[in-house]
Amino acid sequence: MKQKNIILNGIAASSGVAIGKVFILEEDDLVSVQKEVPADKVNKELVRLRIAVKETKEDLKQNYADLNRMLGENYAKIADAHILILNDPMIGKEVIDCVKRGNTAEFAIYTVVKKFSKSFDAIEDEYFRERKNDLIDVAKKVTAHLLGKTKKTLADLEEDSVVVAKNIVPSDTVSMRENVVRGFATDLGGKTSHTALVARSLEIPAVVGLKNISYQVKQGMPIIIDGNNGIVILDPTEETIDNYKREYEIQFSTKKALEQLKDLPAVTVDGAEIKLGANIETPEEIRSVLKHGANGIGLYRSEFMYLSRTSMPGEEEHFQNYIQIAKMMMPYDVIIRTIDLGGDKIAKLGLMEIGREANPFMGLRAIRFCLKYPEIFKVQLKGILRASVCGNVKVMYPMISSVAEIKAANKILEQAKEELRKENKPFNENIKVGAMIEVPSAAIIADLIAKEVDFLSIGTNDLIQYTIAVDRVNANITHLYNPMHPAILRLLKNIIDSGHKAGIDVGMCGEMAGDPAYTIVLLGLGLDEFSMSAAQIPHVKKIIRNVSKEKAKNLAERLLACGSMSEIETEMKKFKYI
Ligand code: PEP
Ligand code: MG
């Protein structure tokens, strides 16, 4: 068959070129395809069904026990409700009867759920009507168990796979790191979605926001991902493949050249030393962090520990996880951000309030979640505190929007300390506490917040999203997501100046810190620490080593005086280093 070179345009989420074969990642779903089961195989089908139900029940019981331990009886009722659905004799009988009529267990579940959903839709009471979602959740869980061995998962990946999916959620990317993925392409997503961040930290080329690529590909089809230009090419011709192979080689030699900078400091030509840290999602990334010459971890997204599992990590697990990072990073600092669940990071822990919010990014996310469930929060804080015996661990609260939240979080931190004292478990009494500034209200009152903490770290991914009101995962409005908006520049200046006035350091761990296009502006605004995907460090370091702080300051001042993004762009183009 003749190759077609079909070019699709999306959003460049993670740079680099990947050449490989399509691996379609399917979502958990119900199975609507009818396949007849011969009469002599019906009993076998019923056994399959019974086993899948039993396995699902075991998962749910584990879920119940975890929720009960962490949140109490009331909350655990969520998992209990799922178990009740699974035990419902009427639903069970309908599914069994459907299998007995010669249908597969998957199709029987689909048929019965469809029928019951209709009756739920007819209920007037909103609460009961909503129970339909519980039924569908449970049905999907059983179906996933039924398909367990046959459905293609990330564990089935072969050597040169390029993953294509409607959407890849952060919990998928967690399992991705254990496998060989050359690149990925998705229908949905934006440049600062958490999935894109993970791709960058794993140095996997990715294009997102392609709208309907998942409908256009076939399993095993040749594909090229051009993460530099946000392009995907399906069925490439030999000539296109050769061109991209050459680009891949250039990319490789540039990377090698930048590696020479690894052990050199990030110092400007006029002697200002800047700290360059790395952002990580799991301890496995430390090797790459050290390879790229980071001066510490500026952001550990600790919530990734929760994403690929169905039970809560306990204090010991937190402690072990953090202490291994702290030890490996000695003598550099490690900033552990407390869990930022919610938004696009939804854990499969049965915390359905989070999963079903209409506006998850403005909902029960991050510190709000932790303050609502102090028991979950305290378990993590105790783990962090215990790891702080190493002396290089700091704790940071995400999504702070008021001083009251810092005070409330610190109160729980003090309780955690008190419990550890009683339990004779050592920790650093003077552990440094920081706040992320990623909500406009916090940016505006940065002076008040700076008085309550030991350091500030700017989370531009969210700060830009909330300030310009542009959803970070929505591909339709990604053109509006611009760090050089005058409002963002003003907020950054206010945060950095406020921190310095209070005598504390101000860092940045949003993607802006790792984008070489903004390095000089941020340097000029006075940022003390830049934290980014490890692979970006050499690029940013190269720029810092070639510019003077004085010149950078001058540029920042000129940009702050501009009235529009286009004026800012023109000023930036005029700028020459040194
Ligand atoms: C940010 O918002 O800039 C940030 C670093 O946090 P996250 O991307 O994990 O939301
Ligand atoms: Mg954030």
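Under the side chain to side chain contact (heavy atoms under 4.5 Å, CB included) test applied with Arg200, the options Glu511, Met532, Gln536 reduce to a single match, Glu511. Just one of Arg558, Lys551, Glu557, Glu550 meets the side chain to side chain donor-acceptor pair (under 3.5 Å) condition when paired with Asn554; it is Arg558.
A 4.5 Å side-chain heavy-atom check between Met512 and Met484 finds at least one atom pair inside the cut-off. For the pair Tyr466/Met399, a side-chain contact is recorded, criterion being any heavy-atom separation below 4.5 Å from C-beta on. In this structure, Met396 and Thr338 have side chains that are not in contact, with every pair of non-hydrogen atoms separated by 4.5 Å or more. Proximity of Lys245 to Ile224: side-chain heavy atoms (C-beta onward) are nowhere separated by under 4.5 Å. By the 4.5 Å heavy-atom criterion applied to side chains, Ile336 and Ile325 are not counted as neighbours. In this structure the side chain of Ile520 never reaches within 4.5 angstrom of the side chain of Met572, judged on heavy atoms. The side-chain heavy atoms of Pro236 and Pro222, taken from C-beta on, include a pair separated by under 4.5 Å. Residues Leu525 and Leu560 are in side-chain contact: their nearest non-hydrogen atoms beyond the backbone lie under 4.5 Å apart.
A donor-acceptor contact shorter than 3.5 Å is absent between the side chain of Asp528 and the backbone of Gly507. Using modelled atom types, no side-chain atom of Glu317 and backbone atom of Pro313 make a donor-acceptor pair closer than 3.5 Å. Between the side chain of Ser531 and the backbone N or O of Ala278 there is at least one donor-acceptor pair closer than 3.5 Å. Arg182 contributes a side-chain N or O that, together with a main-chain N or O of Ile19, makes up a donor-acceptor pair within less than 3.5 Å. Of the possible donor and acceptor atoms, none in the side chain of Asp462 sits under 3.5 Å from a partner among the backbone N and O of Glu438. With hydrogens and angles disregarded, a donor-acceptor distance shorter than 3.5 Å links the side chain of Asn5 to the backbone of Thr237. Of the possible polar contacts, none joining the Thr467 side chain to the Ile464 backbone as a donor-acceptor pair under 3.5 Å is found. Between the side chain of Ser161 and the backbone N or O of Val163, no donor-acceptor pair lies under 3.5 Å. Judged by distance alone, the side chain of Gln380 and the main-chain N or O of Ile339 form a donor-acceptor pair under 3.5 Å. Although no hydrogens or angles enter the test, the distance criterion places a donor-acceptor pair under 3.5 Å between the side chain of Asp226 and the main chain of Asn229.
For the pair Lys574 and Glu571, the salt-bridge criterion is met [side-chain N within less than 4.0 Å of a carboxylate O].
For Lys394, the side-chain contact (heavy atoms from CB on, under 4.5 Å) partners two or more places apart in sequence, or in a different chain, are Asp333, Ile335, Lys432, Phe455. With sequence neighbours left out, Asp160 forms a side chain to side chain donor-acceptor pair (under 3.5 Å) with no residue at all.
Annotation: the span from Lys291 atom NZ to Glu285 atom CD amounts to 12.0 Å, rounded to 0.5 Å. The line from CG of Leu492 to CD1 of Ile437 is 11.5 Å long, rounded to the nearest 0.5 Å. To the nearest 0.5 Å, atoms OG1 (Thr104) and NZ (Lys35) are separated by 7.0 Å. The CD atom of Glu281 sits 8.0 Å away from the CD atom of Glu303 when rounded to the nearest 0.5 Å. Note: Gln251 CD to Thr254 OG1 = 7.5 Å, rounded to the nearest 0.5 Å. Distance CG/Leu522 to CD1/Ile274: 10.0 Å, rounded to 0.5 Å.
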task: List the steps and the verdict of side chain to side chain contact (heavy atoms under 4.5 Å, CB included) for Asn321 and Tyr300.
output: CA-CA 11 Å; Asn321 187 297; Tyr300 174 26; 2.7 Å; yes
task: Let me see the working for Glu259 and Lys262 under salt bridge (Lys or Arg N to Asp or Glu O under 4.0 Å), right down to the final yes or no.
output: CA-CA 5 Å; Glu259 274 172 19; Lys262 176 181 170 274; over 6 Å; no
task: With salt bridge (Lys or Arg N to Asp or Glu O under 4.0 Å) as the test, would you mind laying out the steps for Glu569 and Lys573 before giving the verdict?
output: CA-CA 6 Å; Glu569 211 171 286; Lys573 277 188 190 141; 3.7 Å; yes
query: Would Met329 and Ile280 satisfy side chain to side chain contact (heavy atoms under 4.5 Å, CB included), going step by step from the backbone distance to the final call?
result: CA-CA 12 Å; Met329 286 309 297; Ile280 58 165; over 6 Å; no
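Minimum interatomic distance between Tyr244 and Val17 (heavy atoms only, all atoms of both residues): CD2-CG1, 3.7 Å. Smallest separation of non-hydrogen atoms from Ile213 and Ile223: CD1-CD1, 4.4 Å.
The aromatic rings of Tyr306 and His318 sit tilted relative to each other, their planes meeting at an angle between 30° and 60°.
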